Q: 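Provided herewith is a single structure, encoded as structure tokens, for subsequent inquiry.
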Amino acid sequence: MAKLKLKAGSRPPWVGLAAALWLQISAGNATNFTLYSSALKSVSGFSQQQLTFLGVANDIGESVGLLPGIACNRFPPWTVLLVGVFACFLGYGVIWLDVSQTIHPLPYWVLWIALVVATNSNAWFSTAVLVTNMRNFPLSRGTVAGILKGYSGISAAVYTVLYSLLLEQSASKLLLFLTLGIPVICLAMMYFVRPCTPPSGEDSSVHVHFVFTQAASVLLAIYLLTVTIIYDKVSLSDAVSYVLLAIVLLFLLSPLGIPIKMTLFRANAETITPLAGSTEHLAEGEGAPSQSVPLLSPSSSTSNLGSFFESEYASDVETLLAEGEGAVKKKRRPRRGEDFKFREAFIKADFWLLWIVYFLGVGSGVTVLNNLAQIGLAFGVENTTILLSLFSFCNFVGRLGSGALSEHFVRTRTIPRTLWMACTLIVMVIAFVLYALAFSGTLYVSTALLGICYGFQYNLMVPTASELFGLEHFGIIYSFMLLGNPVGALLFSGLLAGYVYDAEAAKQGSSTCLGPECFRLTFFVLAGICGLGSFLSLILTIRIRPVYQMLYASGSFRLPRASDH
């Protein structure tokens, strides 16, 4: 991996986190597919199955991040973000040309590729900020992942409010904003996202700062949902709309209060100890201490290493004897909790169990998200923006809440985060059954439950992968895990949901299907898939419990001894 200079000082990580939140909002641009999909369908005359395959392109672009993952280990974050800027401009620019009928009609395959390119900007944005901030805050991985993924989840509500209040619910104007506005925001913010000296784990202000950021995001989420409901019920003047948007802007700027506070009260923020450990591959920046400092001092968790490693690798004794005799070169495989290379993680059973669980959970959730507008219309809901805002709000709650909840229990009870994946998959079974039965008043309840659980599934994979396989090659490991999203979208949304919908619409003699039958079979199948995912998640939890007992034995994260590989 290329050596990157660390920005020294206590404030840069928080400035970078504040900038990353704007980039995460930008990285949620793929959620806008629901807002402009109806216009794209009507302008181009597509069938529902053609539209769902465009939704698959939307998910493929958003989730295929192998190149960004590799790039994060070779280039500074700003170069990774710059690629995303160009992808966003080119991809959405082509789609805007078609929907605005500036150049119309464009071939289906051109639109499909353009959508992949446009939403692939999300992978470049999200991977760059997530990897950088996870390394900047290595002791608070669950919390940082929850905050960043939470803002990505709430981005749909931000775009919905923007779409309603400023863009006059025009799909063409929305696509023009995605073509020009998102690149401008990213160009303005990308300088501040950089590798930094991590803040000390002993600094109590770190926890206070995270709580402040979480509280600001919760208030923003509640405010966005409230504004969406008010707009649906009341006619607002332009002046009132601009005031409401200005308040959104203030909420988004609020995390900058942390570095401002640290500037005004410098005495409380100068006792920062440089950290290394699994981020030791990053070079010291100018002004940083020249001597290498261990990430953490030895703790009581060290006593757990012997029995854990001995039970998992009994052949180490023979290896050591052979090394002593000069028969073999000193080298061993990394153990779970240490830094894995991608090819080493790729052959691990836990790697594939985590991928399959993520694929089943997120693939089921994204099927509903891609078809949410059509689901609302099938159930008789004319304005589906409220459904999208509700899903976005609950998705945000799931992402943020999963980080805080799993972080608490992993530190106090050493409970693996995958247990919460199992629990939420069971709740997803209930949500899909409620969808299928179509009882009166259950549409919004089902959407809320599914949004929360989708947020749990999407976020918990991130810290789990970093804890099992380390941070050194986390970018590419995380990016491979994300492939579960487009694979699930292809199988469950493109092939299953699209086919069932068109078949039911054909029975009604129309291209638009109305009634619960449009998705009933799809929902029952997805309920079964989530049941399988819950079972596999429990197996994974049992397998990795010893790892978490070793990593969090003292009540806080402790790195195992470094591996020689």
Side-chain angles (χ1 to χ4, degrees), residues 1-7 12-13 16-17 19-20 23-24 27 62-87 120-139 141 144-145 148-149 186 190-198 274-285 288 292 295 333-348 351 354-355 461-483 559-560 562-565:
M1 176 183 165
K3 297 290 186 181
L4 301 178
K5 289 185 177 181
L6 296 182
K7 178 70 174 177
L17 182 62
L23 290 166
Q24 282 295 95
E62 180 184 18
S63 303
V64 176
L66 293 178
L67 288 179
I70 296 171
C72 280
N73 273 12
R74 297 179 180 272
F75 304 103
W78 70 266
T79 58
V80 181
L81 293 170
L82 192 61
V83 176
V85 167
F86 283 113
N120 192 238
S121 64
N122 296 0
W124 293 90
F125 295 151
S126 183
T127 303
V129 299
L130 185 64
V131 171
T132 303
N133 281 276
M134 292 277 279
R135 290 171 177 169
N136 288 349
F137 298 95
L139 305 185
R141 304 181 190 189
V144 170
L148 291 175
K149 287 300 181 182
C186 294
M190 67 184 187
Y191 169 78
F192 301 102
V193 179
R194 62 178 74 180
C196 304
T197 302
L275 301 177
S278 67
T279 55
E280 63 189 358
H281 53 287
L282 298 177
E284 299 278 1
S292 177
L295 177 62
R333 296 173 296 171
R335 287 130 179 193
R336 293 174 301 176
E338 297 178 349
D339 287 322
F340 280 69
K341 294 179 181 178
F342 176 71
R343 63 177 179 271
E344 294 169 335
F346 190 79
I347 61 175
K348 290 293 182 181
F351 178 91
L354 181 61
W355 188 90
M461 175 275 292
V462 179
T464 301
S466 75
E467 287 159 341
L468 292 180
F469 307 112
L471 285 174
E472 185 171 352
H473 299 279
F474 173 68
I476 187 170
I477 291 173
Y478 162 74
S479 299
F480 186 87
M481 288 288 173
L482 285 182
L483 291 177
L559 286 179
S563 59
D564 301 322
H565 71 286

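The model shown is predicted, which means the values in this text are computed figures rather than measured ones. Numbering starts at 1 and runs along the sequence shown. Heavy-atom basis, side chains included; hydrogens, waters and symmetry copies ignored.
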Q: Looking only at heavy atoms, which two atoms of A20 and L148 are closest? And how far apart?
A: CB-CD2, 3.9 Å
Q: Quick check for you: to the nearest 0.5 Å, what is the distance between E344 atom CD and I477 atom CD1?
A: 9.0 Å
Q: If every non-hydrogen atom of T132 is compared with every non-hydrogen atom of P195, which pair is closest and at what distance?
A: CG2-N, 3.9 Å
Q: Decide side chain to side chain contact (heavy atoms under 4.5 Å, CB included) for M461 and Y478; before the verdict, give the C-alpha distance in whole Å, the side-chain angles of both, and the deciding distance to 0.1 Å.
A: CA-CA 8 Å; M461 175 275 292; Y478 162 74; 3.9 Å; yes
Q: Counting N and O atoms only, with roles assigned by atom type, does the side chain of D339 sit under 3.5 Å from a partner on the main chain of P334, one being a donor and the other an acceptor?
A: no
Q: Specify the closest pair of heavy atoms between L81 and F125, including all atoms of both residues, with the distance to one decimal.
A: O-CE2, 3.5 Å
Q: Could you tell me which non-hydrogen atom of P463 sits nearest to which non-hydrogen atom of M134, and how far apart they are?
A: CA-CE, 4.4 Å
Q: Looking at P76, is its backbone amide N or carbonyl O close enough to the side chain of T79 to form a donor-acceptor pair, meaning the two atoms are under 3.5 Å apart?
A: yes
Q: Working to the nearest 0.5 angstrom, can you tell me the gap between L17 CG and F192 CZ?
A: 14.0 Å
Q: Would you give the length of the straight line joining atom CZ of F342 to atom CZ of F469, rounded to the nearest 0.5 angstrom?
A: 10.5 Å
Q: Working note: N136 + C196, criterion side chain to side chain contact (heavy atoms under 4.5 Å, CB included); need CA distance, chi angles, decisive distance, verdict.
A: CA-CA 6 Å; N136 288 349; C196 304; 3.9 Å; yes
Q: With side chain to side chain contact (heavy atoms under 4.5 Å, CB included) as the test, would you mind laying out the steps for V85 and S121 before giving the verdict?
A: CA-CA 7 Å; V85 167; S121 64; over 6 Å; no
Q: Side-chain contact test, heavy atoms from C-beta onward, threshold under 4.5 Å: evaluate it for V64 versus L482 and give yes or no.
A: no
Q: Considering non-hydrogen atoms only, spot the tightest contact between R135 and N73 and give its length.
A: NH2-OD1, 2.8 Å
Q: Applying side chain to side chain contact (heavy atoms under 4.5 Å, CB included) to K348 and L468, what does each step give before you reach the verdict?
A: CA-CA 10 Å; K348 290 293 182 181; L468 292 180; over 6 Å; no
Q: Could you grab the distance from atom CD of Q24 to atom CG of N122, nearest 0.5 Å is fine?
A: 9.0 Å
Q: Between P77 and V193, which heavy-atom pair has the shortest distance, and what is it?
A: CB-O, 3.5 Å
Q: What do you reckon, are the aromatic ring centroids of F480 and F351 less than 6.0 Å apart?
A: yes
